[in-house]
Structure formats: C-alpha cells, structure tokens
Amino acid sequence: MRFTICDFLVVGHRVVILQTIELIVSCRIDKISSPRIKSIISLASDEMTRSKEVVPDWQQAASNILVAVGNKHINDIMEEILSKFQPGVLPHFFVVQTLANLSDSNVYGMVPFLNAILGTMLPMLSMAKQDNMKWVFSSALCHFSDSILEYLANLDKAPDPTVRKDTFSSEICVAFDILFNNWLQSRESKLRLTVAEAVGSMCHLMASDKLEEQIPKLIPAILSLYKKNTEHYIISKSLCQVLDASVNMGSRVLETQLDSLLFALHQQVSSPVDYSNPPTVKNHNEVLRCFSLLANSFPDRLVIFVLQKLENSNERSRIGSLAVLRHLINSSTSTMESKKLLILASIRQPMADHSNKVKKRVVQVISAMAHHGYLELEGGELLVRFIVQHCALPDTYQMKIGPIDPEEVTNESLRTMCDNTLHLLTTTVGRLADVLWPKLLYYLTPSQYSNATTPLCKSLIVLGSKKKTNKEPSFNIDFTQEGRLSILIYNTDLRLCVFVFAGVSQMNAAFPFNNRGHGAPSLSLLQILSINIHPKTETLWEKEIPVLLSILEGMRGGHYLFRALHLYLIYFICMFVDVLVQLAMGVGLCANSHLEGTLAKLEEFGKSDAFKKSPSIFNLLKERNDVEVEKVKSTLILCYGHVALNAPPEKILNRIDQDILNCISKHFNTKVMLILGQRIQSNLWSVLLQHIESWLSSSQDYERERAVTATAHILAYYLDNLTNMISFHNLGAMLGRLSPRCSDPHPAVRTAAIDCIYTLLFIQLRYEGFSQDYKDEAVDSLLPLKDKLDNPDHSVLYKTCSDLTKVMSKRLPQQQLTTVVFMLFEGLVDSQTNCCRASSVILNTLLKNRGGGLQEMVKPVRLKEPFHCTCVQVRVAVGQTVLILASQHLQTVINTLVNQPLPYDRYLVVMAPYVDKKESMIRGRTTKVATNQPLAMTCGLKELLLNGSSQEPAVSLFPQLFSCLTVRLGASVGVSAPKDSNTKHAANVHVAGLADRSADALRILLARAQLDEVMKRMDEGNAWDAMREPNTHITGVTLLARAMAKHAGPRLPAIVECLCPSLNNIYECQRITVTAFFSELLNHHVVTELILIDVLMNNMMERISDPSCTVRMLAVRGLGNIAVGSPEKVRHPQLLAAMSSGMEERDDPGKLITLEAMSGLSKVLLHLDKKNVHLLVVYIFMKIKPFLESENDEIRCASIHLMGNLSKFGSGEQVFKDQIHSILVSLLLHLADPNPQVVKACKYAMRVCAPVVGSEQITAMFQNHLHDDKSLHYGEFINDLTKYLVRHIYFPGMLNFYHISVIQFFKSNWSEVRAGAAMFIGTSTTLSYFKREILQFTTGGKDKYCIILITTMQLYCMMLLQDPDPVVRVKAAEAMGHFH
C-alpha cells in the first residue's frame, strides 16, 4: 500500500497533513505494520525532495516524519535516505538536515552508519557553493560529532562496544580542514557561527597530534569571532569545547595562548547579563566553564590574573572578576584549596567598593566561600561583618532621574540578599555554627547595625535552638572568653529589652515595629538566651514572652507596654542592679505617654512585700539580702524621679505630693541615699563642668587659669571616688575643650590642661573595666610632656599637642570621636590665636589616625566658617583638614563643598569675577545662566586637579572625570555666570569664561593622565578654542574624539560607558556633545578592536529620532562614519534604512541632516553588494533628485556624488535606467556649475552612470573626456554629446523628454547653467536628425504637441535674450539662430 498526497493541494494543506502523520507515527508507531511504515517513509521522502528549492515548512514537516520513524525503524529510513545521498551528487538540503536530526534522536542507531556517511559527504563539501548548503553540512557535522561523543561516553549501553574515536578521526580531520580554512571566513554571520560550533564539536574526535598542530591557529580564529558577531553564545560554546579537548589531551601549546584567552574571556564575563535573554545567560555560563577548564591546567596563573583584575576599580571589570572567583570556588574546590588565604586577602578590596552591583557579587562570593571553609580561617570574621553591615543598609531615598538602569541594585535588594545569605549560612552550612555563635551577638549593640537586628536575631534563634536542643556545650556562653562580648553583654541585653518597649513616643528607637519589625525577633532571642543571662529567667520568660509575642501580633494600645514593663522590672531587679538607672529612664519615658498607668504600676510595686511568700511575681526577691532590697528601693525612687522629669508638666504638677513624694518617703533612708548618690554622681559632676566650661576660653588669663585648675581638681576627685561604672558620656566634649588649652599663652593653664587630659583618659580606662591601680603606658607618657609645655616656642608647643593627640586617638572610644571633632572645630575660632592653631594641629592629627570612621560627621561640618578666622595659618590648616577628610570620604566631602553657597572663599576655590548687570543688558537677548552647583563642581574639580597630589586619583578615575568634564563643557558653552544672591549682579566674567573653566579643567586632566599626544593634537587643531565657542563647539569635540581614538584607545571603553547615560539627558547641549564625540569615534577602527562598535552604533540609531536637529544630524554623521572606521559593519540590516530616513527630514531648516545623510550613504554604498541595496535603489534615487538643484553647494555636490555611487547597483534594471535618463540633462548642465566641487561630482557621476545609459559611444565619451583633473571644453562637449543622443538614442521619445527637461533650467539661479541650457537647445535643434526624428515621431507630421514644444523653446530662448548676464544673452541668441 502506498500513500500519496494529491498534487493539486497547496503547500499549507500539505504541511497540515504531514504534521498529522508525524503525530500519529510518534504516538502509535508500535501499532503500524512494516509495509505501511515503508509507505510512510516513501511518502515523506518524496514530499521532502519533490521541490528542488528549499520550502522550509513543507520539507521540514516531511523530514520530521522520517526522524520520528527513524527512532524505531532506522534501517528502513537509512535505506531510503541513502538512496538520495549518492556520491558525486550534491544532495537536497533537507536530506542532510534529516541525517543530522536522526543522529540526535537515535544516537545508537545512527552512529554505525556515520563512518560511511562521512565518507560520502567529504567530497560533497567542496561542491557546496551556496551558503545554505555550507550551513547544513556544518550543522550535520556538528550533530554527527556530538552523537559520536555521546555514543563513546556510553559504550556500556551501545550495540557495538568496539567503536573507538579513531574510527572517525581521519574523516573528521579532513572535514575540519575544509570548515576551518575556508568556511569559517564567510561573510555570512549565521554560517560562521554554525561552522564555529561544528569545529568545537569535532575537536574531541581529532587525533591528538592534529589538534595540537591546529591550536595556535584555532584559538585566535575563534577569539576573533567575538568582534565579528553580536551573538556570542555559540562562540563561547565552541571555545569551551576546544579547551576541553586540549586540556584532556594535555596540550603543551595551550599555555602560549593563555594571555589572549584570559583577556578575551574576561571581557566576555564582564559583559552585562540580560536574564530575560537566554543566549546571554548561556554565554556567561560557557565562559565560566572555560575558566574552570583553564583552572585545572594553569591554576596559579589564572588565580593571579583574576585577583589582579579585582584591583581594577572599573565596576564592570570587578563584577566579572567576582563572578569568575565565585565559580572557581564552587567548581574547582581542590585546585583552590591552597589559594584560600590569598583569596581571603584579595577579597577585601572589592568589599570596600561603593557600588551596590559590586557588593552584590561580593555577597555571592562570600556565600560560596562559606560553603568551602573559608570563613573558619583567619580573616573570615571580616566576611561575616560585611554581610551583617549590609543587612543594616538604610532604604534608598533619592529619586532616580533619567532612564532606569536594568542592572541597578538598590539598597533594599542588596539588604534582602544579605538577609537571605545570613539565613542560608545559618541553616545550611553546619560548620559555621561555631563561627557565628555567639559572635553574632556583638552586632546587636552598635547603633550602625540597628537595621540588621531582625535577621541577626533570627539567625541567633536558629543557632541557639539547635545547640539547646542538641545540648551542645557551646550553647552556654562564657562571656569572659568572648572578647568584645564580655564588655558589651550588659548593653546587649539592655538593647534587646529596649526593643520591646513601645511607649517611647519621643525616641523612635523603642517601637517594636521599627527597624524592620525587630520587636518580636528580639523577644524570641531573649527567650533562647535566658539561661545564659541568668538561671532564674528561663522559667519565667518561657511563660511571659509567648504572651508578649501574641500581644505584639495584635498590638492593642498600652497593654503591651505595661506587660513588658511588668516583665522587665522583675528582670532588672533580679539580675542587673548596675543598670537600674537605665531602667528608671525607661519608666520615665513611659510616663510621658502613659502617666496614669505608670504611676499605678509603681504604686502597686511599692506596696508589694518582697520578704513574704506571696503569689506576687516579686517573691523572687525573697532570698535577697538587705543590700539588694535597698537597691530595689533606690530603683523605685529613681523611677519616680524620672517620671517627674519626663511626664507632661500640665499633668504632673498636681500629682507631685500625693503620688510621688508620698511614695518616695516610705522607702527613703541612708542606704538608699548612698545608692542614689552613686547613681547621680556622674550627672552631678557633669553639671559642675558645664558651669565651668564657658570660662575655659575666656580672654582673661586668670579666668582661664582658675577654670582649668578647678576642672583638674573636680576630675581628680571624681577619679579617686569612682565606684559606680555607668556610661561616661562627657569624655569627648571635655577633651575637645581642654586639649587646645595645652598651647595656651599662660603656662599655668597649659600645665593644668594636660593634668585634666591625663585624668580624663584614666577615668575612661576605669569605665572600660580596668582596675584602679592599672597603669597605661600611653596615658602615662603624657606626664613627661608637661616639661615641654614650659617652652614658649610655638613649634615645640604644637609638636607637643600633636604627640598628645596621638595618645588621645588610641584611647578615645569611637562614639566620643565625633564630639571631640566638633569641639575642635569650635576651637578654631578661640579667643587665643595659639589655641586656634593648636585646635587645627590636634584636629588634623586626630583625623589622620581616626577619620576613617567619621563619614556621617563630614556633612554637618561647616567647612567655610573657619576660613573667616584672622589667623592665616589656621585657614591653611583647615584646608588641609578638608584634604584629609577627602582622602577618607571623597564623595561626602565633594557633596558638602558643592552645596556651599557661591562664590567660594579664595582658600577653597578661586572663583571668577562676576558679570555686571549693565553688560547683561547691553547684550539685549536671552542668555543661559549657569546654576550654582554644577558651576561649583567644575571650579572645585579644577582646583583639585591643579593640586600636585591629584595625579594618582586623576589616573584611576580618568574615565569618570573625562566624561564629566566633557559633558560639563558642552553645557557651559554660551552660558553666563549666575547672579550673586546678595548683590543681584551677574559675575563680571565673559560668557565664554564658564566654558573656559570646563575646558581648562579637562586640559589639566589630560595632562595629569599624561596624554601628551592627545594634548599636542588638540593644540595643533586649535581644538580648545573651538570647543569654547557655540559655533565651533562640535568641531572642537570632534577633534577631541579623534585625538582620543588615535592616542588613548585603551581608555575609550570606560569613557563610552560613562558617557552613554548623557545621551538620554533632558538637556540638548549635553546630548549634542556626547553624540558628536561618539560620531567621530565611529570614524576609527579602534572602536571595533575594543568591541565598542555595537554600543556606539546602537546609540546612534536611537539618536536618529532625537527631538534636536543637531543631535539627529550628528547621529547620521556617525552612522556614515561606520563605513570608514568599521566597513565590515555596514551590512547591518537597519543601517541603510536609518540613513535614508535622514533625507526625509522636514524639521531640518539648513538641510544639515540631509547633507550628512547623503554624504554618509556615499561612503556606506562603497562597501555594499547589490543584494544589500537592490530594494532601496530607486527609493533613494527619488529622494536625491530634489537636491540636485539645491542652492547649497555642499548639498548639491553630495546629492550628485551619491547618485553616482548608486548607479552601480542599478545596472540592468529598466526602472533605474529611466531614472538616469531623467537627470542626465541636469548632470550635463551642471558640468558648467560655478562651484568646482559640483563640477567634479558631475564628472564622477556621469562616468559611473554611463554604462546604464545604453550607448557604448556615450560611455566611451564620458570615460575619455570627464576626468577630474582635466579641464573640459564645454561647448564642444555639448555639441558632440548631442550628436550621439540624436543618432544613437534607444527610443525617439527621449528627445522630447530631454528638451522638456531643459526648459526648467532657463530659470536657474546660476548664469552658467542658463547659458548651458541655451547651448543644449541650440546644438540639438541645429541637427536635421532632430527635426526628422520629431516629425517621424508625430502622427503624420501634424502632431500639435511637437509644434507646441518647439514654440515653447523659442519663447524661452527669447526670454533669455533679456537675461542680465551677457554670456547667457549671447548663448540665447545663438540658439535662436538654430531654429531657422
């Protein structure tokens, strides 16, 4: 039985029938008989090869049937297919395609046939001339190779286990030579990629010696494909297969290619990954696999390369390096084992990067490191701290202006990622339990980690619960062995307690829903930690905390507050007597919002009997001794005191006697007073010192002496009687006030001041837990300095102050540092000049040693006020202060300086004088006025670059600075200075002066970057002057781009990346500058070498629709420049259409866009084939014609030149031939054009168009007479050409057409053209040939049309007799004579 499909069925119906058959075969092949199977095979084979032309839908459907049947009946299929795969005959496209698909779907059935198939196929490869046949053969070889490799990898399942790789090696090597040496160089991108894929698969089957021989040529060839193709996945896949084969055979020559491999692969891995575009994701994964393969053979070189790239500050480079590092840690565990410490040390640099994108990659690397034992090593705690720090990130508040970056990583997303990472490390990496527990507790107390409280608590809960459940000894925390924890444990528990108080309306730190809902996790963690805090808390907290948590979920008013208060009163009373003051403060704050309830609770507590067995919760105090009972009483009294302090005045006044004093009197005695005295001791001396403080800077010597001496006595007494260790908050303020007095003009003040500092530092040591007899070498070294203070020499005093500060910086707690700095800033305007200078010395020394932790302090500092000090040395020193802060917190300092009001003080930036109001009025037109912040930034940046120490940062930040200044220069052109907000007058500076500042800053930057050749070329072309003026700005930017392309190529990728966002800026001036820069870059091949061509070309494509005419013109110019810089890219499918659209511009007053479009098209057409232009030839020609008579010489010349370039694509096309004849008269007449360039363009166009005209004599004439460098006798040329036109014209009707065309030139704007028109009419009319042709063409010689035509020409010639130009009148008279 034989199946057939009716011949008359259309292709669409055939496809449906074939698809139905495929579906049936796929589902029911076991139920189909053998004869019917053969009929189906025959039908599918006939349908597949019926048409010699490729009809994809139809033939693919038939091929699919054969593949489906081949899964079960491979022998029958091969019998049919091989009958159409005969030696010496090029097979049908889909025969080869079917063989390829069969090798995929039935590996074990097909591989035994492949040796014979390859033998038949090899001679066919040289017969394949069409790209589609080359493609299908390459695809088949790729599939065959993959099938063979799969077969060899699973020989235990194979029907013939004797098959070996060398069975196919010789045939594969022959095919490899053809594909690699011939087909890989194809112009067709799709074919190149398929060949590359096939070459990669074939490498595994080649003989080792053959592959070794090919590697030095093969790898560079594959790497070069990255520049030629926009699709990189196939290239990376092929490269990976080549590397895999090379590594497996132990290649020796592979190392010689390592440098180029690493460079190319790093560029690829650093490219952005679009996760919505699967090929880019696959490419990224293949590149990472390449790194893994290289790591197995060259681990040392690879790791060093990656770690060196981490040092590069370029964001994209770092992201790529971190991706590689993460992959190597995960995939090459054994190889990386010996590199762990090196990697740990190197990861610190990217950890300090400010980019969230880089930080995201760092977090991923840390996660990988955690799973492989890195965090247990020395330095691993820094990685944990990094995660915790970024769990505490604040929300992103600034509004994003401009296009959204799809890769942007907000603070929120990075914080969430770190939260998840911390949770992952806690729950899945068992080995980290002892690393994280209990050290994560440390991060609960510092305020900078407050936003990380929730994830920290959750992780600690998980860790603690596991250890508690498993009864691990490490669950019990020995705080004496935990370093920082031993000091901070009380604060830790206090913080956890404070988190669950919800009634503090004046202090936002106490709401349980703040900091991402830290209340509930904090309570839960307290429950886990209970046994570690105190044995007696466990039972109570297991009962109370779940109730608090349930209330917290519902959060009903003040109930939560008072239950929490109820619980923690017990907690503090029982365990932490030393923090009773903090508890009392908390109760006082509760009273601010809940006075009635707080007093009621305190009264209830006061009536309880702690010495009787009672159901009250306070029976926990039963076993307490008398001292502890007195402490409880003192705490209650303190609570009442803070209630009175914090409660609303209008509510508390009438409650003082009855509810407060009455209750206090019941518990007041000597012991309680002693305890209270200890509590208020710190506050008392603070009050005393506050009263003395104002006298410390008195202008009278005796007043300063008495104040400092009194302070010394108070501090000494306080130190001798210090028994209660509570927080010491005044250290920073006192040190800041007293340290400048060490250089006081009065010797007694200097001596007393250093005594004060000595005592203050020892008081701090006592609060840190050191004993009373502890001796600190650093602090004790202050005493010998007293002798140096006796020397009145200023230099000695300031040197002593510097030594003093070094000791202070070692002992000063971080939380006090900000206070000291602010006090020292106030000291810069002290009444004593010596103390002002001492303040500056101390300030700078302190900032050098400890300024790294002061980022939050920089912005509030009022940097400008100290410059008003009368002491010049102090102002200079404050300038140094700014530089020190800038070296540590550059971005914050810049933001602060830019926000200073203009004009700047001369010690910050020398500001230009202002333009007076009168000059602005004289100009009498609307001018652009600079805004203060960008102007300030430009001026400030110029001053920074002038500083000799800016060399290194200028080089490292060159791309960003260059881009910023280039854009700023574009925005400054034609802009006037802003008005002074005080005087209301414009700055006295020329309009171009603002551009001068930007240009000068840019010039200084180039010098700092040592780009001498760039500066030389800029000077030679007067580019700096050009860039400053509105009319020549684009020319100047073009010269800058040209110099950078020629002499600073390696810097361009980063510069382009920085400039791209400005193309979408709302300001036209910035878009113009960047587009001009990019446009010129496209004129140079270096952008192709740096793989920038696609980025630049796509940007120019987008700018084609820009609202600015100038931007559109520059974009068109850039697209045209591609033909010069990267001619291989002109075949881009959208390029020709985009440039052609430039000639349709309606909003183009000066026709500049049109001019650029025609000039660019002329360049592009030189590199295109007829098949690329065929469909657009006539369209472009029609767009050109109106511009042939343009009054603009440049446009006229460009249109004629473009028309000539188009002619080579219209050869043999009748439509194009007609178009050439339609403009032939125009070209002929413009041979006399007054502009020499137009004449030259006409000669060129007529030479190249001659073959299209259809006359060999005319072609020879054009070629012989129309030379660019030779003069033309126009009269003789017209006369001879007219003879040829009349004698050899291919149809008579064209003569009339020529004469009609000439008539329009009688009104031409150019006298030379009008004279030429008269000459053409005269010479053609003279010829009897013309008269005879006219009469023959008419009907019986009586056609009125011809008579009217001759009459019209006579009239126009008569009109020319009145022409103002005598030459035209002469030619018109001569023409009139020829009509008779």
Side-chain angles (χ1 to χ4, degrees), residues 322-323 325-333 336-337 339-341 343-348 350-351 356 358-393 409 411-446 448-470 472 474-475 477 482-485 492 515-518 521-522 524-525 528-529:
L322 289 167
L325 187 59
R326 176 195 181 199
H327 183 74
L328 294 178
I329 291 171
N330 283 327
S331 64
S332 306
T333 306
M336 295 293 108
E337 188 66 31
K339 312 289 188 303
K340 282 185 175 180
L341 292 178
I343 293 172
L344 264 175
S346 301
I347 196 67
R348 296 186 184 186
M351 285 169 62
N356 277 3
V358 175
K359 290 178 180 178
K360 176 182 176 181
R361 291 290 185 180
V362 171
V363 173
Q364 293 173 341
V365 173
I366 292 175
S367 179
M369 295 169 76
H371 285 81
H372 294 90
Y374 286 72
L375 269 59
E376 294 100 298
L377 302 177
E378 183 179 356
E381 69 275 4
L382 294 177
L383 307 185
V384 176
R385 181 189 300 175
F386 181 86
I387 297 294
V388 176
Q389 283 176 337
H390 291 87
C391 287
L393 282 177
V409 179
N411 279 6
E412 291 86 347
S413 62
L414 180 59
R415 185 178 64 205
T416 302
M417 182 181 185
C418 290
D419 290 351
N420 295 336
T421 301
L422 185 61
H423 179 72
L424 185 71
L425 301 185
T426 303
T427 55
T428 63
V429 188
R431 60 169 62 175
L432 286 183
D434 292 328
V435 174
L436 302 176
W437 177 274
K439 289 186 173 59
L440 286 182
L441 282 171
Y442 164 72
Y443 299 103
L444 290 172
T445 51
Q448 63 264 35
Y449 301 123
S450 59
N451 214 27
T453 302
T454 298
L456 280 171
C457 288
K458 290 180 178 179
S459 292
L460 285 165
I461 290 167
V462 172
L463 294 168
S465 299
K466 286 183 179 179
K467 289 182 176 290
K468 187 175 182 179
T469 303
N470 298 333
E472 297 180 23
S474 58
F475 172 70
I477 304 171
E482 291 297 336
R484 292 175 294 186
L485 285 174
T492 300
N515 294 328
R516 301 194 285 155
H518 54 201
S522 302
S524 300
L525 178 57
I528 296 296
L529 289 172

A.B. asks: Kindly compute the distance separating OG (S459) from NE2 (H423), expressed to the nearest 0.5 Å.
C.D. replies: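 That separation rounds to 7.5 Å.
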
A.B. asks: CG of L425 to CG of L436: how many Å apart, nearest 0.5 Å?
C.D. replies: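 Between L425 CG and L436 CG, I get 6.5 Å after rounding to 0.5 Å.
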
A.B. asks: Would you name the heavy atoms of C391 and L422 that are closest together and state the gap between them?
C.D. replies: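 Looking at all heavy atoms of both residues, the closest pair is SG-CD2, 4.4 Å.
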
A.B. asks: Nearest 0.5 Å, please: how far is CH2 in W437 from OG1 in T426?
C.D. replies: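 Separation between the atoms: 11.5 Å.
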
A.B. asks: Within the structure provided, determine whether L424 and V429 are in side-chain contact (heavy-atom separation under 4.5 Å).
C.D. replies: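 The answer is no, as the side chains (C-beta and beyond) never meet within the 4.5 Å cut-off.
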
A.B. asks: Would you indicate whether the side-chain heavy atoms of L463 and L432 approach each other to under 4.5 Å?
C.D. replies: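 Counting from C-beta outward, L432 and L463 never come under 4.5 Å.
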
A.B. asks: Does some side-chain heavy atom of L441 sit less than 4.5 Å from a side-chain heavy atom of P438?
C.D. replies: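 The answer is yes, as the side chains (C-beta and beyond) meet within the 4.5 Å cut-off.
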
A.B. asks: Between N411 (side chain) and L393 (backbone), is there a donor-acceptor pair under 3.5 Å?
C.D. replies: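 Pair absent, no side-chain N/O of N411 close to backbone of L393.
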
A.B. asks: When rounded to the nearest 0.5 angstrom, what distance separates CG in L525 from CG in L456?
C.D. replies: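 Going from CG on L525 over to CG on L456, the span is 9.5 Å.
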
A.B. asks: Counting C-beta onward and ignoring hydrogens, is there a side-chain heavy-atom pair between S465 and I528 closer than 4.5 Å?
C.D. replies: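 Yes, close enough: below the 4.5 Å cut-off.
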
A.B. asks: H390 pairs by side chain to side chain contact (heavy atoms under 4.5 Å, CB included) with which of R415, K359, R385, M417?
C.D. replies: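 The side chain to side chain contact (heavy atoms under 4.5 Å, CB included) with H390 is passed solely by K359 among R415, K359, R385, M417.
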
A.B. asks: To the nearest 0.5 Å, what is the distance between CG (L383) and CD1 (I387)?
C.D. replies: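 Result: 8.0 Å between the selected atoms.
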
A.B. asks: Crowded around K458 NZ? As in, over 12 foreign heavy atoms under 6.0 Å?
C.D. replies: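 Result for NZ/K458: open.
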
A.B. asks: Applying side-chain hydrogen bond (donor to acceptor under 3.5 Å, both in side chains), can you list everything that pairs with S346, at least two apart in sequence or on another chain?
C.D. replies: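 Checked S346 against side-chain hydrogen bond (donor to acceptor under 3.5 Å, both in side chains); zero matches.
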
A.B. asks: Dump the intermediate steps for side-chain contact (heavy atoms from CB on, under 4.5 Å) on I343 and L328, then the final yes or no.
C.D. replies: CA-CA 11 Å; I343 293 172; L328 294 178; over 6 Å; no

A.B. asks: Please set out all donor-acceptor pairs under 3.5 angstrom arising from side-chain atoms of residues 360-375, sequence neighbours excluded.
C.D. replies:
unit_1: R361; atom_1: NH1; unit_2: Q364; atom_2: OE1; d: 3.4
unit_1: H371; atom_1: ND1; unit_2: S367; atom_2: O; d: 2.8
unit_1: H372; atom_1: ND1; unit_2: A368; atom_2: O; d: 2.9

A.B. asks: Anything under 30° is parallel, anything over 60° is perpendicular, the rest tilted; go ahead and classify Y449 against Y443.
C.D. replies: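 Rings of Y449 and Y443: perpendicular, as their planes differ by over 60°.
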
A.B. asks: For the CG atom of D419 and the CG atom of L414, what is their distance to the nearest 0.5 Å?
C.D. replies: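 Nearest 0.5 Å value for the CG-CG distance: 9.5 Å.
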
A.B. asks: Report the residues that fulfil side-chain hydrogen bond (donor to acceptor under 3.5 Å, both in side chains) with N420, sequence neighbours left out, ordered by chain and then residue number.
C.D. replies: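 Expected list: none.
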
A.B. asks: For the pair D434 and K439, evaluate salt bridge (Lys or Arg N to Asp or Glu O under 4.0 Å) and give the outcome as yes or no after the intermediate values.
C.D. replies: CA-CA 9 Å; D434 292 328; K439 289 186 173 59; over 6 Å; no

A.B. asks: Test of understanding: with side-chain hydrogen bond (donor to acceptor under 3.5 Å, both in side chains), list the residues that count as partners of K340, not counting sequence neighbours.
C.D. replies: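 By the side-chain hydrogen bond (donor to acceptor under 3.5 Å, both in side chains) rule, K340 matches E337.
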
A.B. asks: Please list, chain by chain and in numerical order, all residues satisfying ring-ring contact (aromatic ring centres under 6.0 Å, His included) with H327, sequence neighbours excluded.
C.D. replies: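 Per chain and number, H327 pairs via ring-ring contact (aromatic ring centres under 6.0 Å, His included) with no residue.
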
A.B. asks: Mind listing the closest non-hydrogen atom pair of K467 and S474 along with its distance?
C.D. replies: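 So the minimum-distance heavy-atom pair works out to NZ-OG, 2.8 Å.
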
A.B. asks: Excluding sequence neighbours, so at least two apart, what forms side-chain hydrogen bond (donor to acceptor under 3.5 Å, both in side chains) with N330?
C.D. replies: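 If we apply the side-chain hydrogen bond (donor to acceptor under 3.5 Å, both in side chains) test to N330, skipping adjacent residues, there are no hits.
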
A.B. asks: Any ion pair linking R431 and E376 (charged N to carboxylate O, less than 4.0 Å)?
C.D. replies: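 Yes, this pair counts.
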
A.B. asks: Minimum heavy-atom separation for P350 to V358, with atom names?
C.D. replies: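 Taking P350 first and V358 second, the nearest heavy atoms are O-CG1, 3.9 Å.
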
